[in-house]
Student: 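Would you mind keeping the following structure in view while I ask a few things?
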Amino acid sequence: MSEPEFGDIQMHVVRPKEPVVGRVVESTPCLKGRSASFVRHVAIDVSGTPLAGTFRAGQSFGVIPPGETDKGKPHPVRLYSISAPTWGDDGEGNVLSTTCKRLIDEFSEEGSDTHDLFVGLCSNYLCDLKVGDEVLVSGPAGKRFLLPSEPEKHDYVFVATGTGIAPFRGMVMELLEHPDGPRKSEVHLVIGVPYGTDLMYDTWFTELAEKHDNFHYHTVISRPEVGRRMYVDQYIVQTSDPFHRVLGSDRTLLYICGIEGMQIGIYRLLQELGVAEEYLKLPDEGLDLATADAATIKRVKPAARCMVEVY
Ligand SMILES: Cc1cc2nc3c(=O)[nH]c(=O)nc-3n(C[C@H](O)[C@H](O)[C@H](O)COP(=O)(O)OP(=O)(O)OC[C@H]3O[C@@H](n4cnc5c(N)ncnc54)[C@H](O)[C@@H]3O)c2cc1C
């Protein structure tokens, strides 16, 4: 079995209590079409701050929204996955970016019939920022959701739902658009979204898949206008070629990022394919993931070749 090594990792170079000032250099919509959601690619220049050159693809950074809580304290930091490669959106490690989804909903509380508009504080603040605006940032955070230091020793299955695509933008760039040339590893990106119009960076990923035979871009739509609903785990189980082969190989690293709870279906499919012990630390007495409840499955820890970031 080939376990990944991650090399030097810097973390918490800038603490949320003493954030640095970044400047927005890009804010562009990144959905494929008109959609009920709003997702923007937001890029922030941190040059001249200790954050510059410290982050790696797959890590997160913090955003401190302005204002105070009801208790008169600064708002707590919110984390956002870095969607830039390690060399940044600018090629020099000075510009980090993320894929930010506005949190807009109706207020909900058990036992209450309040149905006012609920607007997430930080995601909307970040999406509202214009090019040139300042923003308080911290980071980087995360020590495992990273590409290995010897990327060609491995093949990759990246599974995302929604803005879970963010770290994979940077990782895919790093694997296929590396200044030393594209890596030869087999790379599968599976992205699940409700509607086709919710796909993010879709043109870029599609063009990349046309250009590189070793990159495979799989889109899974859970509420299609026609046809059957499909979720990422069902798609992987049903698409036996190539997934059963790739997940059965000891070169493969599995990365899961997106909506909290998505790992449950993926863990179950790993057991269905007979490879759960390759990717998960299961109790010695065994665990039937098909029948175990969600709370039990959420306590299962990923093993060395499985990286999970859900929120
Ligand atoms: C490691 C990590 C990486 C992340 N990466 C990304 C990313 O790449 N892109 C991205 O967009 N987000 C990402 N997030 C999520 C992000 O950190 C924020 O949680 C998100 O943007 C919402 O923050 P907010 O300030 O907008 O919402 P808040 O104002 O903090 O509101 C969210 C809170 O309100 C509650 N809430 C939500 N809806 C309702 C409702 N209808 N009624 C009542 N209460 C409600 C929630 O339970 C939650 O506690 C990531 C989180 C983590 C931990």
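All ligand and atom numbering here is 1-based and tracks the order in the structure.
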Student: List the atom pairs, with distances to 0.1 Å, where a side-chain N or O of residues 230-243 and a protein N or O form a donor-acceptor pair under 3.5 Å, not counting sequence neighbours.
Tutor:
from: Gln234; atom 1: OE1; to: Tyr231; atom 2: N; distance (Å): 2.9
from: Tyr235; atom 1: OH; to: His218; atom 2: ND1; distance (Å): 2.8
from: Thr239; atom 1: OG1; to: Tyr235; atom 2: O; distance (Å): 2.6

Student: Could you list the donor-acceptor pairs under 3.5 angstrom formed by side chains in residues 255-272, with sequence neighbours left out?
Tutor:
from: Tyr255; atom 1: OH; to: Leu146; atom 2: O; distance (Å): 2.7
from: Glu260; atom 1: OE2; to: Lys298; atom 2: NZ; distance (Å): 3.2
from: Gln263; atom 1: OE1; to: Gly261; atom 2: N; distance (Å): 2.9
from: Arg268; atom 1: NE; to: Leu289; atom 2: O; distance (Å): 2.6
from: Arg268; atom 1: NH2; to: Ala292; atom 2: O; distance (Å): 2.9
from: Gln271; atom 1: OE1; to: Leu289; atom 2: N; distance (Å): 2.6
from: Gln271; atom 1: NE2; to: Leu287; atom 2: O; distance (Å): 2.8

Student: Are the charged groups of Asp89 and Arg169 less than 4.0 angstrom apart, N to O?
Tutor: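 Salt bridge flag = yes for Arg169 with Asp89.
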Student: Can you name the residues that form a ring pair (Phe, Tyr, Trp, His ring centres under 6.0 Å) with His41, not counting sequence neighbours?
Tutor: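 Residues passing ring pair (Phe, Tyr, Trp, His ring centres under 6.0 Å) with His41: Tyr201.
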Student: Show the protein residues that qualify under the rule heavy atom under 4.0 Å from an atom of ligand 1, listing them in chain and number order.
Tutor: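 Under the 4.0 Å cut-off, ligand 1 touches Ser60, Arg78, Leu79, Tyr80, Ser81, Thr98, Thr99, Cys100, Lys101, Leu103, Asp105, Glu106, Phe107, Ser108, Phe118, Gly120, Leu121, Cys122, Ser123, Thr163, Ala166, Glu309, Tyr311.
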Student: Report the residue from Gln59, Arg56, Met171 that forms a side-chain contact (heavy atoms from CB on, under 4.5 Å) with Phe145.
Tutor: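 For Phe145, the side-chain contact (heavy atoms from CB on, under 4.5 Å) check succeeds only for Met171.
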Student: Are Arg15 and Glu18 close enough for a salt bridge, meaning some N to O gap below 4.0 Å?
Tutor: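 Here Arg15 does not pair with Glu18 in a salt bridge, since their nearest N and O are not under 4.0 Å apart.
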